[in-house]
Number of protein chains: 2
Amino acid sequence: MYPPENFSLVLTDIYRSSFPKASNFGFLATLKLKSIVCLISEPYPDENLAFLEQQNVQLFQYGMPGNKEPFVKIPETSITQAIKTILDPANQPVLIHCNRGKHRTGCVVGCIRKLQNWNLTMIFDEYRKFAAPKQRALDQQFIELFNEDDCWCYANDMDLLPLKW
Amino acid sequence: MYPPENFSLVLTDIYRSSFPKASNFGFLATLKLKSIVCLISEPYPDENLAFLEQQNVQLFQYGMPGNKEPFVKIPETSITQAIKTILDPANQPVLIHCNRGKHRTGCVVGCIRKLQNWNLTMIFDEYRKFAAPKQRALDQQFIELFNEDDCWCYANDMDLLPLKW
């Protein structure tokens, strides 16, 4: 069993990882995923698409740039849309991934922790575990300043609060 | 919500963390724990005992030393016993903790990953995330050499394999 790098369970039926390679497909099959939320903009590889089709896994692609000094910032609307897709029980079990599973994925997970009312210290502590040694202050600032009202309303309307563990 | 340091979900209904303090009790209450598996030998603090009683959480204490150069080694029997208690659905949701949530807890989680057939590289990668910057080669060697046959038989007899995510 070869999990992708930076693989972890975020909440029951919500996983995170780096970009899965063919060597990880055997492991991924055991998760019985219903969908994948991919945060990169580039076309999804044919090999991965074939695996998803064979496993009947739906792909949601929310392409976004990572936060980069000085002027590149993840669009909040993309994160909001990704989070709604992730939280929708109809799409779970779901795997969130970008390339390394560090920055964009870390921002999404950090924003989900805000919906769980975690304090920022512990959100950043988790972010840094997965981003190390490439943690970015910009990502942590993004999480801190992210306006989660829209996600909050969605989760509330869907009767998902408090988020189940 | 203040999760304890090094808090994370290991598998559904199995959590890990550092030693919970009073400031974490509010957060812990949301987990609706049925039990706690504590890996340190010292008496459990009165404040924590009172919280467990109030929440009707059972305490299993498997005191063990951490692996330390040159001659201190975690007893395999203690880890085996702890793992059986953790895997028993009757005790879940369960929280595993030691003092820092790094070494003894990391060894237990690493041995659980062996039961999931993870390859050692990814087991060690997860271990180091939580143990950093204090990762110990001895702990990783302990995980590698741990004989999981007894846990395996137990999980098989209890019809728990493959371990559910």
Side-chain angles (χ1 to χ4, degrees), chain A residues 1-18 20-21 23-24 26-34 92-95 100-102 106 109-110 112-135 161-165, chain B residues 1-18 20-21 23-24 26-34 92-95 100-102 106 109-110 112-135 161-165:
Chain A
M1 287 289 175
Y2 308 110
E5 255 193 87
N6 261 342
F7 176 83
S8 187
L9 191 50
V10 177
L11 289 166
T12 296
D13 288 334
I14 302 179
Y15 305 93
R16 65 180 289 171
S17 76
S18 59
K21 299 180 202 53
S23 58
N24 310 124
F27 172 78
L28 288 190
T30 69
L31 303 179
K32 302 186 197 316
L33 296 174
K34 207 175 281 178
Q92 297 173 357
V94 57
L95 172 68
R100 309 284 309 271
K102 290 179 186 293
V109 172
I112 290 174
R113 296 310 186 197
K114 284 183 82 174
L115 291 175
Q116 294 186 279
N117 293 312
W118 282 30
N119 62 323
L120 286 173
T121 306
M122 297 315 299
I123 292 176
F124 295 163
D125 198 59
E126 180 180 50
Y127 165 84
R128 286 190 299 256
K129 271 194 183 65
F130 290 86
K134 303 264 189 187
Q135 54 269 35
L161 296 176
L163 298 184
K164 76 171 164 48
W165 272 104
Chain B
M1 288 289 175
Y2 307 111
E5 255 192 86
N6 260 342
F7 176 83
S8 186
L9 191 50
V10 178
L11 288 166
T12 297
D13 288 335
I14 302 179
Y15 305 93
R16 64 180 291 170
S17 77
S18 59
K21 299 181 203 49
S23 58
N24 309 126
F27 172 79
L28 288 191
T30 68
L31 303 179
K32 303 185 197 317
L33 295 174
K34 206 175 283 178
Q92 298 172 357
V94 56
L95 172 68
R100 310 284 309 271
K102 290 179 186 292
V109 172
I112 291 175
R113 297 309 186 197
K114 283 184 83 174
L115 291 175
Q116 294 186 280
N117 293 312
W118 282 31
N119 62 322
L120 286 173
T121 306
M122 297 315 301
I123 293 176
F124 295 164
D125 197 59
E126 180 180 48
Y127 165 84
R128 286 190 299 257
K129 271 194 181 66
F130 289 85
K134 303 263 190 186
Q135 55 269 33
L161 296 176
L163 298 183
K164 75 171 165 47
W165 272 104

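Letters go in sequence order (proteins before strands), and every chain restarts at 1.
- The nearest pair of heavy atoms linking B/Trp165 to A/Thr30 is NE1-OG1, 4.3 Å.
- Applying the side-chain hydrogen bond (donor to acceptor under 3.5 Å, both in side chains) rule to B/Thr12 yields the partners A/Thr12; only residues at least two apart in sequence or on another chain are considered.
- Using a 4.5 Å cut-off between heavy atoms, A/Pro4 contacts chain B through its backbone alone, with no side-chain atom that close.
- Every pair tested for salt bridge (Lys or Arg N to Asp or Glu O under 4.0 Å) that includes a residue from residues 1-10 of chain A fails, sequence neighbours excluded, so the list is empty.
- Residues of residues 116-129 of chain B lying under 4.5 angstrom from chain A, judged on non-hydrogen atoms, are B/Gln116, B/Asn117, B/Trp118, B/Asn119, B/Met122, B/Asp125, B/Lys129 by number.
- Annotation for A/Tyr2: atom OH does not count as buried by contact number, only 12 or fewer foreign heavy atoms lying within 6.0 Å.
- Of all heavy-atom pairs spanning B/Leu9 and A/Val10, the tightest one is CD2-O, 4.0 Å.
- Applying the ring-ring contact (aromatic ring centres under 6.0 Å, His included) test to A/Phe130 and every residue at least two apart in sequence or in another chain returns nothing.
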